**Student:** 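This is the structure I have questions about; it appears just below.
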Amino acid sequence: MSESQASWVYSDLVKEHFLSPRNFLMGDEANFPHDTSGTVGNPICGDQMTMYLQIKDNKIVDVRWKTYGCASAIASTSALSELVKGRSLDEALQIGPAEITEFLGGLPKHKFHCSVLGHEALAAAVKAYRAK
Amino acid sequence: MASENLAAALEDSTRQGRVYLDYAATSPLLPCVEQRMVNVLHELGTGVLGNASALHSPGHLAHEILEHARASVARLIGAEPDEIIFTSGGSEANNTVTNIFAGQTQIVSAIEHPSLLESARQRSGKLGVLPVDEKGRVKIRETKLTKPQLVSVMLANNELGTIEPIEELRRHFPSACIHSDATQAFGKLKINVKDLGVDYLNISAHKIGGPAGIGALYVRRGAPYHPFIVGGHQEQKRRAGTSNPLLAAGFGAAADWAWDNWSCRRFVSVANLRNLLASRILREIAHSSINGFEQCIYDKENQSYNTLPNILNASFQAAEGESIQLYLDATGIAVSTGSACAAGDTKPSHVLMATTGDAEVAHSSIRFSLGLDTTKDDIDRVMQVLPSIVQYLQSISTIKIGEASK
């Protein structure tokens, strides 16, 4: 990625995940029966997201999410939801910002925090599940 | 695609070409400006034009182009040519003015452009910041600072379009120098520096169909001045740096066009489209609100408006501004947002924070800015997709409508 792209422009993959996000939860969260959920961020900072997980035998069998945030927040949550499906909880927790960013073909520099947010939401959901 | 309704609306809209509703950011070159600039460019290319400071004939020709443009710009705002300093634009002019009063007491409004706010913070001795009401009108009396040397309030706000009471400011601070950043008001409101009673006022060419990269700072004869950029005799020793006859010619042509064709009334049709967009948003999009004045009203008698006729700022609860902006862009519609994300910043619009105190309203805001070329079709195009975009973003949002955090 060139310097000018790195500073501002979204990759085609980010745009694709933004315009056609995967696994989002539309409307009421009751629409997706889940075993746990985790929320991070704050609307005051402009980004907030929740991950909802269906878990069976310590494996994430299905996932949905909700986001209030910018294009890269939506795209990185969408990317994360694709990455965690079918993985064990421990494996899923290994997915960090670097892997999400790489999956999306890079994010503009000032947007890295958005992908960190997705990872933290997942960690919060797993933590809540294990605390049960 | 996000949802079937939205997908269909986006696809349909994308086929219909581009809609530009970001005139407040920059406006397309007027054809007469382009023609004038091409002519000057040709003369530059053939070597007929020299450095405007040089004594030879090519230099003299460049000098003439520059001075002709200066006279055109001066005429448009009721100034004398020698009261006009060409600058690179609004940011340089704002920096120049706050720098004149370095170390002294300055009062500014909370909703000034960042170039004014930041430079005033860095250079003033004491700084007073005037708060604004919920519509963005400055509260002139709310400062404890007495005897400021400089009071700086913009003529109209770039995000909301709210017009500030400069004449009243003049009366309230009789012994201060008054500066007004008229970048957004330029070309939309009648501006006369003598009637306003200002000592300094700045404008930018690219807001009225001229080229970006050139603006002007009006300095009243006799007002305190010292240059911000030093080391050259250009602009009567008031701004160092080789003059730019190409940009100046474009600026002058835009000013001439405005002089010949412009009237406050011309923008009544723009105001009507702006008002139509405002009412349709409120009627057709749930949980939307207008920031600033809901309706723009033309005062025939005084040939003025209650708010700029071309700017509309709206917020959409639970839907984030950058996402709305990029969904609109995907359908060929260009607007801007007060969301922090879009500006590459950590804080949302300081203007909306000053008027609403609500970060979510600021993050969820969209500014539509219209031009004389905007049509009812453009407004229809926006309303063809905006309701589904907002509804979709609201439905995947973590914020539950009605429970928004304050």
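Values reported hereafter were calculated over all heavy atoms of this structure, with side chains retained and with hydrogens, waters and symmetry mates removed. Keep in mind it's a predicted model, so treat the numbers as computed, not measured. Per chain, numbering begins at 1; letters A, B, ... match sequence-line order.
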**Student:** Please say whether more than 12 non-hydrogen atoms of neighbouring residues, nucleotides or ligands are located less than 6.0 Å from CD in Glu102(A).
**Tutor:**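 12 or below, so no.
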**Student:** Among the options Thr67(A), Thr39(A), Thr50(A), pick out the one with the most heavy-atom pairs lying under 4.5 Å from chain B.
**Tutor:**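 Highest number of heavy-atom pairs under 4.5 Å: Thr67(A).
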**Student:** Which pair of non-hydrogen atoms, one from Ile44(A) and one from Ala359(B), has the smallest distance, and what is that distance?
**Tutor:**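 So the minimum-distance heavy-atom pair works out to O-CB, 3.5 Å.
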**Student:** If you take all heavy atoms of Gly69(A) and Ser323(B), which pair is closest and at what distance?
**Tutor:**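 Minimum heavy-atom separation between Gly69(A) and Ser323(B): O-OG, 2.7 Å.
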**Student:** Can you tell me which portion of Ile74(A) sits under 4.5 Å from chain B's heavy atoms? Options are side chain, backbone, both or neither.
**Tutor:**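 Ile74(A) touches chain B through side-chain heavy atoms alone.
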**Student:** Drop me the distance from Thr331(B)'s OG1 to Leu19(A)'s CG, to the nearest 0.5 angstrom.
**Tutor:**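 Reported value, rounded in 0.5 Å steps: 10.0 Å.
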**Student:** Do you know which two heavy atoms are closest between Lys66(A) and Ser395(B), and how far apart they sit?
**Tutor:**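 Reported closest heavy-atom pair: NZ-O, 2.7 Å.
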**Student:** Mind checking the CE-CD1 spacing from Met49(A) to Ile396(B)? Nearest 0.5 Å is all I need.
**Tutor:**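 If I round to the nearest 0.5 Å, the distance is 10.5 Å.
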**Student:** Decide yes or no for Ile399(B) and Gln48(A): does some side-chain heavy atom of the first lie under 4.5 Å from some side-chain heavy atom of the second?
**Tutor:**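 A side-chain contact exists here, since the closest heavy-atom pair is under 4.5 Å.
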**Student:** Return the minimal non-hydrogen interatomic distance between Pro43(A) and Glu360(B), and the atom names on each side.
**Tutor:**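 Of all heavy-atom pairs spanning Pro43(A) and Glu360(B), the closest is CB-CG, 4.2 Å.
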**Student:** Phe24(A) vs Tyr392(B) aromatic rings, parallel, tilted or perpendicular, using cut-offs 30° and 60°?
**Tutor:**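 Geometry flag for Tyr392(B) against Phe24(A): perpendicular rings.
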**Student:** Identify which part of Ala362(B) has an atom lying under 4.5 Å from any heavy atom of chain A, answering side chain, backbone, both or neither.
**Tutor:**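 For Ala362(B), there is no contact with chain A at all, as no heavy atom is under 4.5 Å.
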**Student:** To the nearest 0.5 Å, what is the distance between OG (Ser72(A)) and CD (Glu322(B))?
**Tutor:**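 Between Ser72(A) OG and Glu322(B) CD, I get 6.5 Å after rounding to 0.5 Å.
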**Student:** Let me confirm one number: the SG-CD distance from Cys70(A) to Gln325(B), rounded to the nearest 0.5 Å.
**Tutor:**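 Cys70(A) SG to Gln325(B) CD: 11.0 Å, rounded to 0.5 Å.
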**Student:** Taking every non-hydrogen pair under 4.5 Å, which of Leu393(B), Ile324(B), Leu326(B) racks up the most with chain A?
**Tutor:**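 Winner by heavy-atom pair count: Leu326(B).
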**Student:** For residues Tyr68(A) and Ser364(B), is any side-chain donor paired with an opposing acceptor at under 3.5 Å?
**Tutor:**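 The answer is yes; a qualifying pair exists.
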**Student:** Pairs in or reaching into residues 12-21 of chain A: which pass salt bridge (charged side-chain N to carboxylate O under 4.0 Å, His left out), with residues at least two apart or in two chains?
**Tutor:**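 Qualifying pairs, neighbours excluded: Glu16(A)-Arg22(A).
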**Student:** Is it true that atom CD of Gln54(A) has more than 12 heavy atoms of other residues, nucleotides or ligands lying nearer than 6.0 Å?
**Tutor:**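 Yes, CD of Gln54(A) has more than 12 neighbouring heavy atoms, counting only those of other groups under 6.0 Å.
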